[in-house]
Chemist: 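This is the structure I have questions about; it appears just below.
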Amino acid sequence: MAQNLPDLHVVVQFGKGIPSSVQGPALLEFERVLRGLAHGLWVEVFKEIKGDDSKLRIAMTQEERSRL
């Protein structure tokens with residue numbers, strides 16, 4: 001998770017069972033609600049971005065990855 005998150009940012013993590021077709025609208029709605037509750041502050045909501053979870057690719061050097 002982000003360590004130096006800007007003051008008006010929120011990062012959301014979804015479980016595997018929540019389809020992407022639901023995630024986008026949920027993020028927008030959450031952002032809309034937060035902005036209303038925060039009295040007009042420009043709150044921004046983002047989805048947490050996951051890195052590569054392949055143990056083989058993580059263990060590769062940059063040179064090995066560039067050869068793929």
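Every heavy atom of this structure was used, including side-chain atoms; hydrogens, water molecules and symmetry mates were not. This structure is a prediction, so every number in the text was calculated from the model and none was measured.
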Chemist: Are Leu28 and Val43 connected in a single hydrophobic cluster, I mean Ile/Leu/Val/Met/Phe/Trp/Tyr linked by side-chain heavy atoms less than 4.5 Å apart?
Modeler: no
Chemist: Using the rule that two of Ile, Leu, Val, Met, Phe, Trp, Tyr join whenever any of their side-chain heavy atoms come within less than 4.5 Å, decide whether Ile18 and Val10 are in one cluster.
Modeler: yes
Chemist: Please collect all side chain to side chain donor-acceptor pair (under 3.5 Å) contacts where either partner lies in residues 30-39, sequence neighbours excluded, each pair once.
Modeler: Glu29-Arg32, Glu31-Arg35
Chemist: Of all residues at least two apart in sequence or in a different chain, which pass the side-chain contact (heavy atoms from CB on, under 4.5 Å) check with Pro19?
Modeler: Ser21, Val22
Chemist: Taking transitive links into account, so neighbours of neighbours count too, which hydrophobic residues share a cluster with Trp42 at under 4.5 Å side-chain distance?
Modeler: none
Chemist: Who else is in Val33's hydrophobic cluster (ILVMFWY, side-chain heavy atoms under 4.5 Å, direct or via others)?
Modeler: Leu37
Chemist: Under the rule for salt bridge (charged side-chain N to carboxylate O under 4.0 Å, His left out), what residues qualify as partners of Glu44, not counting sequence neighbours?
Modeler: none
Chemist: My understanding is that only residues two or more places apart in sequence, or in another chain, count here; which of them pass ring-ring contact (aromatic ring centres under 6.0 Å, His included) with Phe30?
Modeler: none
Chemist: Do Glu48 and Val11 have side chains that get closer than 4.5 Å, going by heavy atoms?
Modeler: yes
Chemist: Hey, could you give me the NE2/CG distance between His9 and Leu34, rounded to the nearest 0.5 Å?
Modeler: 12.0 Å
